[in-house]
Amino acid sequence: MEMQQEANQQQGSEVSPNQTIYINNLNEKVKLDVLKKSLNDVFSHFGKILEVKAFKTLKHKGQAWVVFEEAESASTAIAKMNDFPFYDKRMRIQYAKTKSDVVAKADGTFVPREKRKRHEEKAGGKKKKDQHHDSTQMGMANSAYPSVYGTAPPLSQVPYPAGVKPILPEAPAPPNNILFVQNLPHETTPMMIQMFFSQYQGFKEIRMVEAKPGIAFVEYADEMQSTVAMQGLQGFKIEQDPMLITYAKK
DNA sequence: AGCACA
């Protein structure tokens with residue numbers, strides 16, 4: 001039988017081992033700084049980390065890249081931490097598809113990419129990186145930890161490294177003189193908001209994003225004043241929904 | 001769901 005050709009297309013997601021892991025299914029509510037730090041805390045136990053990258057753009061939220069100094073660390077991290085509950089979600093971990101810039105720079109193979117803003121045609125732009133797709137034969141031995149520990153191990157007893165138990169999605173934002181107000185009725189106007197917030201010392205201005213109803217930014221002269229206002233108005237119901245006030249991201 | 005290097 002000539003079905004061997006099908007072997008070429010193994011079940012997708014087989015990427016050759018490399019020193020960068022790609023993580024997705026991350027909790028998108030976690031602030032970027034917090035997320036990166038937590039990832040660093042978790043994964044630094046598998047080896048030296050060169051860099052942790054995460055972005056909040058639409059296309060890349062909920063994902064992160066952790067670059068290890070050694071590919072072996074990445075392998076261990078995948079084996080041990082895939083499906084690990086992290087901020088109430090199980091992280092999915094794979095090898096990254098492409099080499100990280102930090103690595104390429106150390107390699108000497110780094111070639112700066114241009115941000116294709118223009119439709120400028122460039123000569124000789126064949127970036128077919130011939131990656132010999134040799135499939136390593138260690139596919140389905142014991143990939144994710146559930147297979148290692150039998151089925152469905154008690155999450156609380158998984159021997160993960162650091163004290164990285166599922167953390168609260170709501171990480172405390174650092175104080176800011178600007179407040180971020182959510183859960184407002186969509187018909188709320190800046191005027192209405194102002195009535196509430198302007199009664200607190202140091203009030204400066206309201207900013208609302210037209211494209212995004214239901215939220216507002218309220219600026220005070222300093223953090224003390226914004227904090228007082230936040231505490232005074234936290235949970236205040238404009239119509240029926242309590243407004244949620246946090247410090248704005250810096 | 002989604003593989004970047006701001």
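What you see is a predicted model, and the numbers here were worked out from it, not measured in a lab. Chain letters run A, B, ... following the sequence lines, proteins first and then strands; every chain starts at 1.
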I need the CH2-P distance between A/W65 and B/dA4, as an integer number of Å. 6 Å
Could you state the atom-to-atom distance from CD of A/Q63 to C1' of B/dC5 in whole Å? 14 Å
Nucleotide B/dA4, atom C1' - distance to OH of A/Y22 in whole Å: 10 Å
Closer to the 5' end of DNA chain B via nearest nucleotide, is it A/L26 or A/D101? A/L26
Can you run down the salt bridge (charged side-chain N to carboxylate O under 4.0 Å, His left out) pairs that involve residues 192-212 of chain A, sequence neighbours left out, and say none if there aren't any? A/K204-A/E219, A/E205-A/R207, A/R207-A/E219
When the distance from CZ of A/F110 to C1' of B/dA4 is rounded to whole Å, what number comes out? 11 Å
Rounded to the Å, how far apart are A/K89 NZ and B/dG2 P? 13 Å
Is the shortest heavy-atom distance from the side chain of A/F110 to the side chain of A/V102 under 4.5 Å? no
Taking atom P of B/dA6 as reference, at what distance in whole Å does atom CD of A/E51 sit? 8 Å
Looking only at N and O atoms, is any donor in the side chain of A/S100 or the base of B/dA4 less than 3.5 Å from an acceptor on the other one? yes
Counting the atoms with a prime plus P, OP1 and OP2 as sugar-phosphate, which does A/T57 contact under 4.0 Å by heavy atoms, base, sugar-phosphate, or nothing? nothing
Is the closest side-chain heavy-atom distance between A/K29 and A/K89 below 4.5 Å? no
A/Y247 side chain to A/T227 side chain, donor-acceptor N/O pair below 3.5 angstrom: yes
B/dA4 pyrimidine/purine six-ring stacking with A/F55, under 5.5 Å and 30°: no
Which part of the nucleic acid does A/A54 contact within heavy-atom distance under 4.0 Å: base, sugar-phosphate only, or nothing? base
Provide, to the nearest angstrom, the distance between the CZ atom belonging to A/R113 and the P atom belonging to B/dA4. 8 Å
Spacing of A/H60 atom NE2 relative to B/dA4 atom P, expressed in whole Å: 5 Å
